[in-house]
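Quick note on labels: first sequence line is chain A, next is B, and so on, each numbered from 1.
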Amino acid sequence: MLRIKRDLAYRRIAEELFIVDAAKSELHELNGPAAVIWEGIASGKNGPGIISDIVSEFEVDEKTARADLAEFTEELLRQGLLTNANS
Amino acid sequence: MTAMRIGIRTSAGGSAKIPQSPFLLGIADSSAGFMFRGDAGAARGIRKRYGDFSGGRKPVFLFEVNFKDRKQNPYKPAINLKNGSVRLKRGDFDCIVDTGTGAGRLEINPSQQSFDSFLRTLYSWILIRCGGCMLHSAGIVKNGKAYIFLGKSGAGKSTLSKLAAASSGCPAGRPALGIEVLSDEINLLRFEKGSFRVYGSPFWGEMRNEGRHGSWPVGGFFLLKKAKANRLGDCTKSEALRLLLRCLVNFDRSPETAGNVLRTAARLLANARFSRLEFTKKDAGFLELV
């Protein structure tokens, strides 16, 4: 189960979502699809729930949405913005 | 005729026995009191330096100030909250405040520069807590509204401020022709009754003015850049936010404060107009575009 790392502040401003990692003095900026994924994870949705959100908001098929979700969550894990509760 | 009995009674012992009224400072509508111990010269200098911001209502914070020679490093302050108290620390000062009672103890180098740095640290924290912020920026009042010019180091904040002050015919930046420089380095904002106001700032850079008390509604924000000609342009909200966060003074690394900072920045973007201003240092012609 993926979780957002504790101690991050984030907020949607205009069409984008901004994440502040105060401890590292870093600012991350997510575009529309990335923001949908982030907000899905933040609200505790599972993979199929987030894929459904992406498909309904953007003009992509389910296969593309699943691949994008996998790629993006890997990137978030690599950057230390997500933690894997199972590991 | 009997001579009057004129006398003076002096108490021996520590200064704590002598009643002393605190030096009150009212900056950006937040009041803090300071009880100075020892080094009367340093205390006198501080009282004089912040003269225009002295006085005011009952202080929210009351500090007992002990002057002591401290090492200068590190220069960058740190703010830590723990168990109902906040610690503001830099090489030349160390302060612990009870956030419940507002009572604090400050140990600081007996210098105006150290005290100024302490005040900047303290008020950056106070303003973020109450929905405002301290911005590394130039601030100018034109026709009763405050305009904030954001820029990284070298973007031209001091140059622009000096040009504006010169155009007002008064180098100190006092009102003339509807133009007044609020600060060439640090400006103070609060969110009040649904909109932001900019408060007079005692914190200055190269211009070394003392500032004055007062507050003005926000007229707009400009992302500043030196250029060969004056030009006004649009900017995206994310561009504005990035620079806003970079210019927002915050030494507290806690996630709560980061959340408050983001909320304030989002409010600023929603409530005020942000534009890009390219300006030439030849003259104050940019004021026509503001």
Side-chain angles (χ1 to χ4, degrees), chain A residues 1-45 50 53-54 57-60 68-69 71-73 75-87, chain B residues 74-82 86 88 121 124-125 128-129 131 133-136 150 152-153 191 196 221 223 234-275:
Chain A
M1 174 95 181
L2 294 172
R3 292 232 170 89
I4 286 167
K5 193 185 104 176
R6 286 177 62 190
D7 299 349
L8 293 178
Y10 54 90
R11 193 175 191 99
R12 197 184 257 272
I13 296 170
E15 297 303 307
E16 292 169 334
L17 192 139
F18 292 85
I19 306 163
V20 174
D21 188 342
K24 288 185 179 174
S25 290
E26 285 178 352
L27 173 70
H28 304 271
E29 203 175 325
L30 307 188
N31 65 10
V36 168
I37 294 172
W38 182 270
E39 286 170 337
I41 296 168
S43 63
K45 283 186 181 169
I50 297 171
D53 287 348
I54 299 171
E57 280 205 38
F58 305 97
E59 289 178 6
V60 290
D68 286 351
L69 173 64
E71 192 183 332
F72 184 58
T73 49
E75 173 66 21
L76 292 174
L77 282 164
R78 203 165 36 244
Q79 296 235 16
L81 297 172
L82 289 186
T83 55
N84 199 332
N86 297 328
S87 62
Chain B
Y75 285 109
K76 191 165 184 185
I79 298 180
N80 289 296
L81 280 101
K82 204 175 178 182
V86 61
L88 300 93
T121 309
S124 70
W125 177 71
I128 290 171
R129 265 167 60 102
C133 61
M134 177 182 273
L135 286 176
H136 194 215
L150 301 166
K152 297 177 217 166
S153 289
F191 188 67
F196 281 91
F221 287 80
L223 282 60
D234 292 332
C235 69
T236 65
K237 288 208 171 189
S238 64
E239 280 174 314
L241 181 77
R242 274 196 298 272
L243 190 56
L244 198 53
L245 291 179
R246 186 172 281 209
C247 295
L248 200 147
V249 181
N250 174 28
F251 303 109
D252 179 358
R253 295 288 183 88
S254 71
E256 292 79 13
T257 298
N260 287 338
V261 163
L262 265 181
R263 187 191 59 195
T264 298
R267 259 190 192 157
L268 275 170
L269 285 164
N271 280 271
R273 184 185 168 85
F274 284 75
S275 316

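Minimum interatomic distance between B:R253 and A:A23 (heavy atoms only, all atoms of both residues): NH1-O, 3.1 Å. When every heavy atom of A:A22 is checked against every heavy atom of B:A258, the shortest pair comes out as CB-CB, 3.8 Å.
Residues A:I13 and B:L269 are in side-chain contact: their nearest non-hydrogen atoms beyond the backbone lie under 4.5 Å apart.
One finds a salt bridge joining A:E29 and B:R242 here, because a Lys/Arg side-chain nitrogen approaches an Asp/Glu carboxylate oxygen to under 4.0 Å.
Residue contact with chain A, scored on non-hydrogen atoms closer than 4.5 Å, involves the backbone of B:S254 exclusively. Interface remark: B:R263 contributes backbone and side-chain atoms alike to the contact with chain A (heavy atom separation under 4.5 Å).
Within 6.0 Å of CZ on A:R12 lie more than 12 heavy atoms contributed by other residues, nucleotides or ligands.
B:S238 contributes atom OG, which lies 12.0 Å from atom CG of A:L30 (distance to the nearest 0.5 angstrom). Atom CG of B:L262 is separated from atom OH of A:Y10 by 11.5 Å, given to the nearest 0.5 angstrom. Expressed to the nearest 0.5 Å, how far CG of A:L27 lies from CG of B:L245 amounts to 5.5 Å.
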